[in-house]
**Student:** 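My questions all concern the structure below.
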2 protein chains.
Amino acid sequence: MDLNTTTRARAAGKRERTKQQNRQLILQAARQVFADLGYGATTVRDIVRATPLAAGTFYNYFNSKEEVFQAMQDEIALRIRPRLHEERAKATSIEEFISGTFRTFFEYVASDEANFHAIRRNTDTLRVRMDTPEILAGFQELRTDLEEAIANGLFPSLDADYLMAAIVGVAFEIAERMLRRARADTEDATRFATALFMGGIKALPTISSGDVA
Amino acid sequence: MDLNTTTRARAAGKRERTKQQNRQLILQAARQVFADLGYGATTVRDIVRATPLAAGTFYNYFNSKEEVFQAMQDEIALRIRPRLHEERAKATSIEEFISGTFRTFFEYVASDEANFHAIRRNTDTLRVRMDTPEILAGFQELRTDLEEAIANGLFPSLDADYLMAAIVGVAFEIAERMLRRARADTEDATRFATALFMGGIKALPTISSGDVA
DNA sequence: CAGATAAGTTGACGCTTCGTCACGTTCCTT
DNA sequence: AAGGAACGTGACGAAGCGTCAACTTATCTG
């Protein structure tokens, strides 16, 4: 009864939850643990431990810690993409296209407590690996919408690739700053970003005192 | 002579290189291996193996894979910061401030083969953890320069925090796209970014055909 | 409804990677 | 030349990973 007992698996598999419930259980535990320990410091076992499941079960749902994280990101992409697309589809001017895009993004980011608390915990998470198929599809959609708007004469004929890059860069960076301020003012952020794209720096709203974080 | 021989360390420490040389040896090996295997897939031992050093020696120089990576980033920050600061210091108009910032950044990124080949290999690396003290200091410096320019009346009184976020976001995103194009045209990227900040979308250079990647 | 098959769960195991540290070598000082 | 500081070395213990044989529950089939 020392080391070599080799009592081998004599498991006792209950089936008290559906597949979808287990998946959600893992995702939720991951959010919690990422928020507590930080992405880098959490192990797959940490996530499993925050769950009534066994170690091996995790791998029926995800292949790695990274994949759970990507699933969290995909959830976000899946929720925000339709809203963004809809907003842009009904735009009848550049300004509507731009402000609609930023407003939708900022409002989503500020509202999704469950996902973004885990993210605020790690300064860098918004920047880590935004390259799941879902997210790339979201970027592609922005690109397509942009090209369509150009074709319709809404925009002048410009470098859609760079414009998209600029929009994405501004959206993510400002979102990050916004979340770190005392109260996330999505309207303020939207005004700023929209003004920048509409008229450049000289069109930006001026302020009196420094209300920055 | 089976397992328990416990021949224990009877090392043979040569000292054929200086401390600084060893550090550079490791950094260079890291660049190579990151470029070959990708950041996520390389182990510390992979880096060591690309080096004439022993496993333990690595830890005399860095504490982890991440720290090597951050050192690579710090090298970049250290090289580019003086140039950026100088460029901004001699700006006498908003346009010079903005175009100088973007041009310097894009030109550096396009020129630093050694570091950026490793980076191009991983789509996401530009986005990973930009939070070493060096890099944060660089951001802080941009922020200070910006506030000073505002105080001097170069800029209107605006939200320096958001403006900085916008500059950083546009710089990194466009740099990434630029590097992926057939030939990295830093002047084109600079023109685009500057025009955006100076006059918004309607000031952007128009193009005839789609010369995008 | 018995028997067969599929689907899902379990935890111990083997393996990889990590960071350390006792020991050996080289450099530097006096 | 003596001795201490600095540095290099590789084997070791610990930690985490992903797998898989054994087992349980669900579904299907006639």
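Per chain, numbering begins at 1; letters A, B, ... match sequence-line order. The structure displayed is predicted, hence computed values, not measured ones.
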**Student:** Rounded to the Å, how far apart are R49(A) CZ and dC17(D) C1'?
**Tutor:**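 After rounding, the gap between these two atoms is 13 Å.
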
**Student:** Does a salt bridge link E176(A) with R180(A), judged by any charged N lying under 4.0 Å from a carboxylate O?
**Tutor:** yes

**Student:** Show me the donor-acceptor pairs within less than 3.5 Å that the side chains of residues 40-47 of chain A make with the rest of the protein, sequence neighbours left out.
**Tutor:**
unit_1, atom_1, unit_2, atom_2, d
T43(A), OG1, R45(A), N, 3.3
T43(A), OG1, D46(A), N, 3.0
T43(A), OG1, D46(A), OD2, 3.2
D46(A), OD1, R49(A), NH1, 2.9
D46(A), OD2, T43(A), N, 3.0

**Student:** Do L163(A) and F197(A) come close enough that some side-chain heavy atom pair is under 4.5 Å?
**Tutor:** yes

**Student:** Answer yes or no: is there a side-chain heavy-atom contact under 4.5 Å between T101(A) and F105(A)?
**Tutor:** no

**Student:** With sequence neighbours excluded, tell me which residues meet side-chain hydrogen bond (donor to acceptor under 3.5 Å, both in side chains) with T144(B).
**Tutor:**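 Checked T144(B) against side-chain hydrogen bond (donor to acceptor under 3.5 Å, both in side chains); zero matches.
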
**Student:** Please check if the side chain of K65(A) supplies one atom and the backbone of Y39(A) the other of a donor-acceptor pair under 3.5 Å.
**Tutor:**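 Answer holds: yes.
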
**Student:** Measure from CG on D46(A) to P on dA15(D) and round the result to the nearest Å.
**Tutor:**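 In whole Å, dA15(D) P and D46(A) CG are 13 Å from each other.
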
**Student:** For the residue pair L142(A) and L84(A), establish whether any side-chain heavy-atom pair is separated by less than 4.5 Å.
**Tutor:** no

**Student:** E66(B) has an atom CD; how far is it from atom P of dC18(C), in whole Å?
**Tutor:**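 Distance check: E66(B) CD to dC18(C) P gives 13 Å.
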
**Student:** Could you give the CZ-to-P distance, from R23(B) to dC7(D), as a whole number of Å?
**Tutor:** 13 Å

**Student:** Using whole Å, report how far CD1 of I26(A) lies from P of dG8(C).
**Tutor:**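 In whole Å, dG8(C) P lies 13 Å from I26(A) CD1.
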
**Student:** Separation of K65(A) atom NZ from dA15(D) atom P, in whole Å?
**Tutor:** 17 Å

**Student:** Can you pull every protein N or O that's under 3.5 Å from an N or O on nucleotides 4-6 of chain D?
**Tutor:**
unit_1, atom_1, unit_2, atom_2, d
dA6(D), N3, R15(B), NH2, 2.9

**Student:** Determine the stems involving DNA chain D; a stem requires 3 or more consecutive pairs of the Watson-Crick or G-U wobble kind, each with both distances below 3.5 Å, and the answer is none if no such run exists.
**Tutor:** C:1-30 with D:1-30

**Student:** Salt bridge between E75(B) and R79(B), side-chain N to carboxylate O under 4.0 Å?
**Tutor:** yes

**Student:** Do the non-hydrogen side-chain atoms of Y162(B) and M178(A) ever get within less than 4.5 Å of each other?
**Tutor:**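 Result yes, sub-4.5 Å side-chain heavy-atom pair found.
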
**Student:** List in chain and number order the residues that pass side-chain hydrogen bond (donor to acceptor under 3.5 Å, both in side chains) with E134(B), two or more places apart in sequence or in another chain; answer none if no residue qualifies.
**Tutor:** R81(B)

**Student:** In this structure, how many angstroms lie between the P atom of dA7(C) and the CG atom of N22(A), rounded?
**Tutor:**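 Going from CG in N22(A) over to P in dA7(C) covers 17 Å.
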
**Student:** Heavy-atom contacts under 4.0 Å between residues 54-64 of chain A and DNA chain C, which residues?
**Tutor:** A54(A), G56(A), T57(A), N60(A), Y61(A)

**Student:** Closer than 4.0 angstrom, basic N to acidic O: yes or no for R181(A) and D159(B)?
**Tutor:**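 Salt bridge between R181(A) and D159(B), a charged N being under 4.0 Å from a carboxylate O: yes.
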
